[in-house]
A.B. asks: 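This structure is in structure tokens; I'll ask about it shortly.
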Amino acid sequence: MVLGILSRARLIEDAEELFQWIKLQDWDKLRPYNAMIAAYYQAKRPKDAWDVYYQMLAEGIDPDDVTYDILVSGSGKNGYPIDRLFLEIKSRGVALTLRSYNVVICAFTKEGSIDKVEEVIREMIRQELRPDLFSFNALIAAYAMSRKPERGLQVFSNMKAAGVLPDIVTYTTLIQMFSRSAMHKEAIEMFEEMVVNKCQPDFFVYSLLVSVYGKAGLVADALLIFHRLQLEGHRPNIVTYTSLISAHLHKGLLEESRKHFSQMEAYGCRADVHLLNTMIDAYAKAGMVNDAANLLHRLTAQGVCPNRASYAIIVEGFLHAGHVDEALAAYASMSEAGFKDEKMSSRISRRSSPRR
DNA sequence: CTAGGGTTAG
């Protein structure tokens, strides 16, 4: 238990030290090993997690279903495929619990393998395990991810028919599903259905709604939700501000978006690369490539780490405006930052030395 | 000790 507390508090070194001490004790080591594997995943150190797992096998400690749940969910969260792991678990003859199946479903959802998600659900039903709220929510998330809102909606009615009550996560996932497929009207209607069903919106839902109204072009409503979120005692964070600023940018309200950006900074909320890209993309599309480049410089100086897209937007923006020299300069900073792109480079040079 | 939801662009 203490290992878990230390790892959640991001005190991985203390957790390691405690684990070394526990290993010297004459105790049952299964739970400490499980906790240490989980701790390394929490610390985003999947290799160390696997080392502990192999150590555990070498010590003759039998992993249980929880061990494998931790390995599966940790692998999924760290972007590793879980196919082989899932097969290995089954070949080891570990009895899979409902939770184990749900962990596997979530991991497959994260990697976007909708076919595998469906297959695992069929398999769990064959094992006479009834899909529960978690299973249904994960399945809806899988359809949301693969942009199949009709299928997601079908699952929603199946779950209600199966007597599983939707919760706030179900509604959040459905609203996000519609939003991703640009079905703004349906997203808003789902929010209304959620309220009618006495599901009190929380910070996540409000944050999502700011984005939904923004994408629907309803900036006033986005702002209204933003204020409601604050009125109900939540603190807007970088995600909320990104949605709000993006809502204004979509409508060409550049001055307003700048105002919210300064307000955000005054509020002590630091910009990140998502917001940077959102803003420079809007500036570039409005033909304000210089403003975009200035913002990139300013935020980089503040410690925001631009990615490939940040530079690519600027280079493309200058190219589009016919400013080849600026495009060249921007490409130079892009490769300096370690993002080389041969195709882009040759496209710029073709423009700078036109064929006779 | 283990499972779910929010942001940009494309």
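Lettering follows sequence order; numbering is per chain, from 1. On a predicted model such as this, the values are computed, not experimentally measured, just so you know. Only this structure's heavy atoms are used, side chains among them; waters, hydrogens and symmetry mates stay out.
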A.B. asks: Could you check Tyr206(A), Tyr213(A), Tyr241(A), Phe203(A) and say which one makes a ring pair (Phe, Tyr, Trp, His ring centres under 6.0 Å) with Phe226(A)?
C.D. replies: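 The passing option is Tyr241(A).
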A.B. asks: Pick base, sugar-phosphate or nothing for Phe203(A), based on heavy-atom distances below 4.0 Å to the nucleic acid.
C.D. replies: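 Base contact.
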A.B. asks: Out of Thr170(A), Asp167(A), Val164(A), Val169(A), which residue meets the side-chain contact (heavy atoms from CB on, under 4.5 Å) rule with Phe136(A)?
C.D. replies: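 So, applying the side-chain contact (heavy atoms from CB on, under 4.5 Å) to Phe136(A) and each of Thr170(A), Asp167(A), Val164(A), Val169(A), only Val164(A) qualifies.
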A.B. asks: For Lys285(A), report the nucleic acid contact type (base, sugar-phosphate, nothing); a contact means any heavy atom under 4.0 Å.
C.D. replies: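 Lys285(A): backbone/sugar contact only, no base atoms under 4.0 Å.
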A.B. asks: Please figure out whether Ala38(A) or Leu133(A) has its closest DNA chain B nucleotide nearer the 5' end.
C.D. replies: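 Taking each residue's closest nucleotide, the earlier one in sequence belongs to Ala38(A).
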A.B. asks: Let me see the working for Lys259(A) and Glu256(A) under salt bridge (Lys or Arg N to Asp or Glu O under 4.0 Å), right down to the final yes or no.
C.D. replies: CA-CA 5 Å; Lys259(A) 199 187 80 190; Glu256(A) 288 291 294; 3.6 Å; yes
A.B. asks: Run the ring pair (Phe, Tyr, Trp, His ring centres under 6.0 Å) test against Phe204(A) and tell me which residues pass, sequence neighbours left out.
C.D. replies: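 For Phe204(A), no residue satisfies ring pair (Phe, Tyr, Trp, His ring centres under 6.0 Å) once neighbours in sequence are set aside.
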A.B. asks: Give one of base, sugar-phosphate or nothing for His250(A), where a contact means two heavy atoms less than 4.0 Å apart.
C.D. replies: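 It contacts sugar-phosphate atoms only.
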A.B. asks: Taking only residues two or more places apart in sequence, or in another chain, which ones meet Tyr41(A) in a ring pair (Phe, Tyr, Trp, His ring centres under 6.0 Å)?
C.D. replies: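 For Tyr41(A) there are no ring pair (Phe, Tyr, Trp, His ring centres under 6.0 Å) partners, ignoring immediate neighbours.
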A.B. asks: So what does Val205(A) touch, heavy atoms closer than 4.0 Å: a base, only the sugar-phosphate, or nothing?
C.D. replies: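 Since a base atom lies under 4.0 Å of Val205(A), the category is base.
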A.B. asks: Tell me what Val239(A) touches on the nucleic acid: a base, only sugar-phosphate, or nothing, going by heavy atoms under 4.0 Å.
C.D. replies: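 Contact class for Val239(A): base.
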A.B. asks: First and last nucleotide of DNA chain B in contact with chain A, 5' to 3', at under 4.0 Å to a heavy atom: what are they?
C.D. replies: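 First-to-last contact on DNA chain B, by the 4.0 Å heavy-atom rule, is dC1(B) to dG10(B).
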A.B. asks: Would you mind classifying the nucleic acid contact of Asn237(A) as base, sugar-phosphate or nothing, using non-hydrogen atoms under 4.0 angstrom?
C.D. replies: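 Base, at least one base heavy atom under 4.0 Å.
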A.B. asks: Using a cut-off of 4.0 Å on non-hydrogen atoms, how would the nucleic acid contact of Leu209(A) be classed: base, sugar-phosphate, or nothing?
C.D. replies: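 The answer is nothing, as Leu209(A) stays clear of every strand by at least 4.0 Å.
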A.B. asks: Describe the nucleic acid contact of Asn137(A) in one word from base, sugar-phosphate, nothing, applying a heavy-atom distance below 4.0 Å.
C.D. replies: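 If one applies the 4.0 Å heavy-atom cut-off, Asn137(A) turns out to touch a base.
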A.B. asks: Remember a base hit wins even if backbone is also touched, and classify Asp202(A) as base, sugar-phosphate or nothing at under 4.0 Å, heavy atoms.
C.D. replies: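 Counting heavy atoms under 4.0 Å across all strands, the contact made by Asp202(A) includes a base.
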A.B. asks: Would Lys285(A) and Tyr283(A) count as a cation-pi pair here, with the cationic atom under 6.0 angstrom from the ring centre and within 45° of the axis?
C.D. replies: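 So Lys285(A) doesn't make the cation-pi contact.
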A.B. asks: Would you classify Met1(A) as touching base, sugar-phosphate or nothing, given that sugar-phosphate means primed atoms plus P, OP1 and OP2, and contacts are heavy atoms under 4.0 Å?
C.D. replies: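 Sugar-phosphate contact only - Met1(A) comes under 4.0 Å of backbone atoms but never of a base.
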